[in-house]
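Taking it in order: structure first as structure tokens, then the write-up.
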2 protein chains.
Amino acid sequence: MKNRLKVLRAERNWTQAQLAEALSVSRQTVNAIETGKFDPSLPLAFKAARVFGMPIEAIFQDEQEQ
Amino acid sequence: MKNRLKVLRAERNWTQAQLAEALSVSRQTVNAIETGKFDPSLPLAFKAARVFGMPIEAIFQDEQEQ
DNA sequence: AAGATATGTAAAGCAAACATGACTTTTTGA
DNA sequence: TCAAAAAGTCATGTTTGCTTTACATATCTT
């Protein structure tokens, strides 16, 4: 699962801490997701979609082509 | 998190077991998600979107309006 | 009535998604 | 240059997604 969080954050000049607060998760969680340590839960992905005002698919991409 | 899995299944005349196989999860997992016991992971939501040929938002709905 | 099929549910266990706290490294700006 | 801010990382703990096994119930056919 790839994601564009870092880019979307940069476009808005947000820090990981600011995004974390907008999503009501910890800064470490945002960092871990950005660096690919784990995938967000579905509810968190929905929150991100709401925060960025775009569909989930525009933020997260399934890299499993299978 | 609400979902339309039961309806989408019915439209296709699929059993929970058939959907489970298409998603490569257990039948109990499909049942638990349908009955709201827990939310699917993001990768599993992507799989469902691929199986049904529609965006994640057309299958799962965030009911938190907050 | 009896068997087959579909669904619901429960318990136990594992792995992944989070949390908190603390520390190090990198980037930034005055 | 140097300090502050941002980002990265590690350890530890809790919660939740998901598994397997097992059993109960409902419906449908024969």
Side-chain angles (χ1 to χ4, degrees):
Chain A
M1 188 76 44
K2 303 183 63 171
N3 71 77
R4 306 204 316 125
L5 289 183
K6 197 166 186 169
V7 173
L8 295 173
R9 245 191 341 107
E11 285 174 359
R12 288 158 180 78
N13 261 34
W14 289 354
T15 68
Q16 290 183 342
Q18 287 173 325
L19 176 56
E21 182 165 8
L23 297 173
S24 10
V25 294
S26 71
R27 181 184 67 82
Q28 286 86 342
T29 291
V30 169
N31 182 272
I33 293 172
E34 279 194 4
T35 59
K37 299 265 164 54
F38 54 74
D39 298 319
S41 66
L42 186 56
L44 184 50
F46 266 98
K47 269 191 183 177
R50 246 188 309 137
V51 164
F52 289 114
M54 52 182 66
I56 290 181
E57 284 88 348
I59 306 178
F60 303 96
Q61 291 100 29
D62 200 9
E63 46 195 339
Q64 143 182 14
E65 192 42 64
Q66 162 113 235
Chain B
M1 188 77 41
K2 301 182 65 171
N3 71 77
R4 305 205 314 125
L5 289 184
K6 197 165 186 169
V7 173
L8 295 173
R9 247 192 336 111
E11 285 175 358
R12 287 157 181 79
N13 260 34
W14 289 354
T15 67
Q16 292 182 342
Q18 286 173 326
L19 177 54
E21 182 166 8
L23 297 173
S24 8
V25 294
S26 69
R27 180 184 67 83
Q28 286 82 346
T29 291
V30 169
N31 181 271
I33 292 171
E34 280 194 3
T35 58
K37 298 265 165 52
F38 53 74
D39 297 319
S41 67
L42 187 55
L44 183 50
F46 266 97
K47 269 192 183 177
R50 248 188 307 137
V51 164
F52 289 114
M54 51 182 68
I56 290 183
E57 285 88 347
I59 306 177
F60 303 96
Q61 291 99 28
D62 200 11
E63 46 195 339
Q64 142 181 15
E65 193 41 67
Q66 160 116 249

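Just so you know, these numbers come straight off a predicted model, no measurement behind them. Every chain is numbered from 1 and lettered A, B, ... according to where its sequence line falls, protein lines coming before strand lines.
- Considering only residues two or more places apart in sequence or on other chains, B/Asp39 meets the side chain to side chain donor-acceptor pair (under 3.5 Å) condition with none of them.
- Annotation: ring pair (Phe, Tyr, Trp, His ring centres under 6.0 Å) contacts involving residues 8-43 of chain B, sequence neighbours excluded, comprise B/Trp14-B/Phe52.
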Inset, instruction - Would you check, one step at a time, whether the test side-chain contact (heavy atoms from CB on, under 4.5 Å) holds for A/Met1 with A/Asp62? - result: CA-CA 5 Å; A/Met1 188 76 44; A/Asp62 200 9; 4.0 Å; yes
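- B/Ala17 pairs by the side chain to side chain contact (heavy atoms under 4.5 Å, CB included) definition with B/Thr15, B/Arg27, not counting sequence neighbours.
- When the side chain to side chain donor-acceptor pair (under 3.5 Å) test is applied to A/Thr29, the partners found at least two apart in sequence or on another chain are A/Ser26.
- From the 5' end on, the contacts that DNA chain C makes with chain A at under 4.0 Å to a non-hydrogen atom open and close at C/dA17 to C/dA22.
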Legend entry - Heavy-atom protein contacts under 4.0 Å, nucleotides 2-17 of chain D, coded B base, S sugar-phosphate only, - none: ----SBBB-------S
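- Applying the side chain to side chain donor-acceptor pair (under 3.5 Å) rule to A/Asn31 yields the partners A/Gln16; only residues at least two apart in sequence or on another chain are considered.
- Every residue two or more places apart in sequence or in another chain that forms a side chain to side chain contact (heavy atoms under 4.5 Å, CB included) with A/Glu57 is listed here: A/Pro55, B/Phe46, B/Pro55, B/Ile56, B/Glu57.
- Residues B/Leu23 and B/Val7 are members of separate hydrophobic clusters, defined by side-chain heavy-atom contacts under 4.5 angstrom among Ile, Leu, Val, Met, Phe, Trp and Tyr.
- Within a 6.0 Å sphere centred on CD of A/Gln18, heavy atoms belonging to other residues, nucleotides or ligands number more than 12.
- Axis angle across the helix from C/dA1-D/dT30 to C/dA30-D/dT1, with five pairs used at each end and values rounded to 10°: 40°.
- Annotation: salt bridge (Lys or Arg N to Asp or Glu O under 4.0 Å) contacts of B/Arg9 (sequence neighbours excluded): B/Glu34.
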